[in-house]
Number of protein chains: 2
Amino acid sequence: MEQELKRYESGVQAMLELVGGKWRILILHQLITGKKRTSELRRAIPGITQKVLTQQLRDLEKNEIIHRIIHPQIPPKVEYELTEYGLTLQAIIDRICLWGENHLDRVYGDKNKVLENHFSEYIPLSTPN
Amino acid sequence: MEQELKRYESGVQAMLELVGGKWRILILHQLITGKKRTSELRRAIPGITQKVLTQQLRDLEKNEIIHRIIHPQIPPKVEYELTEYGLTLQAIIDRICLWGENHLDRVYGDKNKVLENHFSEYIPLSTPN
DNA sequence: CAGTATCCTTTCCGATACTG
DNA sequence: CAGTATCGGAAAGGATACTG
């Protein structure tokens, strides 16, 4: 447990440390729609292995972005949900998702989109005053 | 040059492929404020090496997010700037930066901030209605 | 100044087997 | 079902020396 006090040059770096990597944004994106069981996450995120999923979930938990809810029963049931703090990431994640979908469109030009309706009402991309 | 056509499950993944990793967002964050020379980027991003910087810039260029401007002169002068497409990332990057600064505040609680004045007019982190 | 070439370390991630 | 343990490979990144 040698929690080295790291100094960051910028907030961006601090944020990347929390939610960077190949999977964490994907996981959070799933949790935005609500509490999910481990197995649900696994199914929702094709390609991720049990080990990596658990690993990432632990990290997110450690940073108070998600909450782990253990239902003491056999067979085990564990759920994860965004903390209040984690919820502050929602706007960013939504935008990332939106941008990504548009990008797929741009690159593949076809109807690769999985856009939901509530994304169509475009929020202007510049910072609101 | 085997540009394998990759299939993405979601836009999020596609986006992470473009701007994920330890440095790319940092680089883009620098370019938001305008065209920059290689050496300026290097100074602005402590810790990055020449090799990695070039590498990341090439990737960003390949994906049409930044533009490389070569001034044919001795000594060489090269500048990078966001393309029009790259500019569509601005809102996301700004928010990431903002969130990150807030996070540093939350974690260190002190005046760790490197906040510029134009950041002090805090935008609420939840999606604006 | 900008970039390339090597080599090397570290980090991340996948496969698989196993436990309560 | 959720999670752990171990092994091994691939990829990202860092140190350093060198070039036009």
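Letters go in sequence order (proteins before strands), and every chain restarts at 1. In this text the structure is predicted, and so the values were computed from the model without any measurement.
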(request) Respond yes when some side-chain nitrogen or oxygen of A:Lys22 is under 4.0 Å from OP1 or OP2 of D:dA12, and no when none is. (result) no
(request) Check the distance between D:dG13's P and B:Ile25's CD1 and give it to me in whole angstrom. (result) 13 Å
Just the atom pairs and distances: protein N or O near nucleotides 2-5 of chain D's N or O, under 3.5 Å.
| from | atom 1 | to | atom 2 | distance (Å) |
| --- | --- | --- | --- | --- |
| D:dA2 | OP1 | A:Arg37 | NE | 3.0 |
| D:dA2 | OP1 | A:Arg37 | NH2 | 3.1 |
| D:dA2 | OP2 | A:Ser39 | N | 2.9 |
| D:dA2 | OP2 | A:Ser39 | OG | 2.9 |
| D:dG3 | OP1 | A:Arg68 | NE | 2.9 |
| D:dG3 | OP1 | A:Arg68 | NH2 | 2.5 |
| D:dG3 | OP1 | A:Tyr80 | OH | 3.0 |
| D:dG3 | OP2 | A:Thr38 | OG1 | 3.1 |
| D:dG3 | OP2 | A:Tyr80 | OH | 3.1 |

(request) For residues B:Arg42 and B:Leu53, determine if any side-chain heavy atom of one lies less than 4.5 Å from a side-chain heavy atom of the other. (result) yes
(message) Do A:Glu79 and A:His71 pair up side chain to side chain, a donor and an acceptor below 3.5 Å, judged on atom types alone?
(response) yes
(request) Check the distance between C:dG14's C1' and A:Ile48's CD1 and give it to me in whole angstrom. (result) 11 Å
(request) In whole angstrom, give the distance that lies between atom CZ of A:Arg24 and atom C1' of C:dT11. (result) 12 Å
(request) Quickly work out the A:Ile69 CD1 to D:dC1 C1' distance and round it to whole Å. (result) 16 Å
(request) May I ask you to say what A:Gln56 touches in the nucleic acid, namely base, sugar-phosphate or nothing, with a heavy-atom cut-off under 4.0 Å? (result) sugar-phosphate
(message) Does the structure show a Watson-Crick or G-U wobble partner for D:dG20, both distances under 3.5 Å? Name it, or say none.
(response) C:dC1
(request) Return the value, rounded to whole Å, for the distance between atom CG of A:Leu16 and atom P of C:dC12. (result) 13 Å
(message) Measure CD1/B:Ile27 against P/D:dG13 and give the value in whole Å, please.
(response) 10 Å
(message) If the threshold is 4.0 Å, N to carboxylate O, is there a salt bridge linking B:Glu64 and A:Arg106?
(response) yes
(message) Tell me which one of A:Gln30, A:Lys36, A:His29 satisfies side-chain hydrogen bond (donor to acceptor under 3.5 Å, both in side chains) with A:Thr33.
(response) A:Lys36
(request) Could you tell me whether A:Lys35 and A:Glu40 make a salt bridge, using a distance below 4.0 angstrom between a side-chain N and a carboxylate O? (result) no
(message) Quick check on DNA chain C: between A:Gln55 and A:Pro75, whose nearest nucleotide comes earlier from the 5' end?
(response) A:Gln55
(message) When you measure from the centre of the six-membered ring of A:Tyr80, is the NZ or CZ of A:Arg37 closer than 6.0 Å and no more than 45° off the axis?
(response) no
